[in-house]
2 protein chains.
Amino acid sequence: MNDQSSKKGETKEVIVEAARQLFFEQGYTATGIAQILKRSEVNSGSLYYFFPTKEDLLAAVLERYKGMLWPMVLEPAYTRVTDPIERIFAVLHGYRMLLLGTDFRLGCPIGNLALEMSNSHPQVRNLVVENFNGWRAAIAQLITEASDRLPQDIDAESMSFFVLATMEGAVMLARAHQDISPFDSAINSLRDQFDRLIQDGSTWSTPKGA
Amino acid sequence: MNDQSSKKGETKEVIVEAARQLFFEQGYTATGIAQILKRSEVNSGSLYYFFPTKEDLLAAVLERYKGMLWPMVLEPAYTRVTDPIERIFAVLHGYRMLLLGTDFRLGCPIGNLALEMSNSHPQVRNLVVENFNGWRAAIAQLITEASDRLPQDIDAESMSFFVLATMEGAVMLARAHQDISPFDSAINSLRDQFDRLIQDGSTWSTPKGA
DNA sequence: GTCTATAACTCGATAGAC
DNA sequence: GTCTATCGAGTTATAGAC
């Protein structure tokens, strides 16, 4: 129970949070250590005590994102609605709100890093994949929960890739256009897809005309 | 018809092409002017004679991409197949080949820049949108050509956003995973969507059982 | 664990001769 | 239009006292 040194033991977390915000807003390469020091109000010596390299700091940020999936992405959506299909679109609605609430400056932090870092940094790429997998696992679970309404040959894993891909692309287009309508077009088409799957799936489980 | 100075008048193009490649491989921020000079075998003075700032060079790269849409993306796909729906998926197949052929290092250059630059650089963002619009216009045209097989309420413009979003997300996921299966999952789901639309659309134009 | 000072280097961009 | 030399600021990271 030693108290380490001066304040609380929160310095490390303060650094990670400042870095997370700046990487989100500007990207990894475009963010300098000096900026992170300024926003976290920490000195260079402390930062490098915890994170020997900038890439180690990015790894910590991506670990933090894994812990944010439930409280920041899933839980708010699951609270609003209970139907599994509706929960999928409630999750997507969260990104819509983020785009609108930040004037299209913030979209999906993992998607940003995925495209920026996929080539060069293997460890980072791995953490990006872990974040994607966590997100997809939740979507796949919801699809499985709704499987009695869907055609039998629907694969939840494959479908979760489709939902994630469409979301990431939709966020990208809305940010580029600085307009929500590309996002809405893509997500409405995805909704249409689910509607048609449910129609087809229901022909053998709960026929509409029977 | 004056010959300007030394070699041919190709210096400017050589610079743009070197910059295009490096921005594609590494991103804009991560690419230094020195690297561009090295790959193009041009000296600093020449580069800054044509492009006063790095951002001006990026703008020229994005203009070049507009000119590459037909010869590099559309024409190869249109040559292989003639059916409009098949042409859409032939275009998408081109990205699949690029991913596999570069071991997932290269995906969509416009998508990369869209996420990296959308916040900070307005002129660049505009050129990104123009590139997206050119791509979507081609897809929307193909959807219109196939409209006799699709439900009447299908909007080609909206659908083109959906196709582009899914493609961009699919490329992102394949690059992050360094595996083509996320791409295939997403594109196969998109194909499934078109199949279902054609089934529904054909019930009023060319009924299967009639 | 935190502080200040700074090393070692790269960045985008410029100057001025040719 | 192209050349070389370089500026000034910014970069990641380190050293050593406390």
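Numbers restart at 1 for each chain; the letters A, B, ... are given by sequence-line order, proteins then strands.
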Is R96(A) positioned over the aromatic face of F183(A), cation under 6.0 angstrom from the ring centre and no more than 45 degrees off axis? no

Under the 6.0 Å and 45° cation-pi test, does R175(A) pair with F104(A)? no

In whole Å, what is the span from the [atom1] atom of [X] to the [atom2] atom of [N]?
X       : N       : atom1 : atom2 : answer
D56(A)  : dT12(D) : CG    : C1'   : 13 Å
H121(B) : dG12(C) : NE2   : P     : 11 Å
I36(B)  : dA13(C) : CD1   : P     : 10 Å
L57(B)  : dC11(C) : CG    : P     : 15 Å
Q26(A)  : dT11(D) : CD    : C1'   : 14 Å
L47(B)  : dA5(D)  : CG    : C1'   : 17 Å
E55(A)  : dT11(D) : CD    : P     : 18 Å
L37(B)  : dT2(D)  : CG    : P     : 13 Å

Which of the following nucleotides, [options], is nearest to the side chain of [X]?
X      : options                  : value
S44(A) : dA13(D), dT11(D), dA5(D) : dA13(D)
K54(A) : dC11(C), dG1(D), dA13(D) : dA13(D)
Y48(A) : dT12(D), dC3(D), dA13(C) : dT12(D)
S46(A) : dT2(C), dC11(C), dA13(D) : dT2(C)

Are any of [X]'s side-chain N or O atoms less than 4.0 Å away from OP1 or OP2 of [N]?
X      : N      : answer
Y49(B) : dG1(D) : yes
T11(B) : dT2(D) : yes
N43(B) : dC3(D) : yes

Which part of the nucleic acid, if any, lies within contact of T31(B), taking any heavy atom under 4.0 Å across all strands shown: a base, the sugar-phosphate backbone alone, or nothing? sugar-phosphate

What do you reckon, are the aromatic ring centroids of W135(B) and Y65(B) less than 6.0 Å apart? no

Hey, would you say the H177(B) and F161(A) ring centroids sit under 6.0 Å apart? yes

Mind checking whether F51(B) and V16(B) have side chains closer than 4.5 Å, heavy atoms only? yes

G45(A) or I33(A), whichever maps to the more 5' nucleotide of DNA chain D: I33(A)

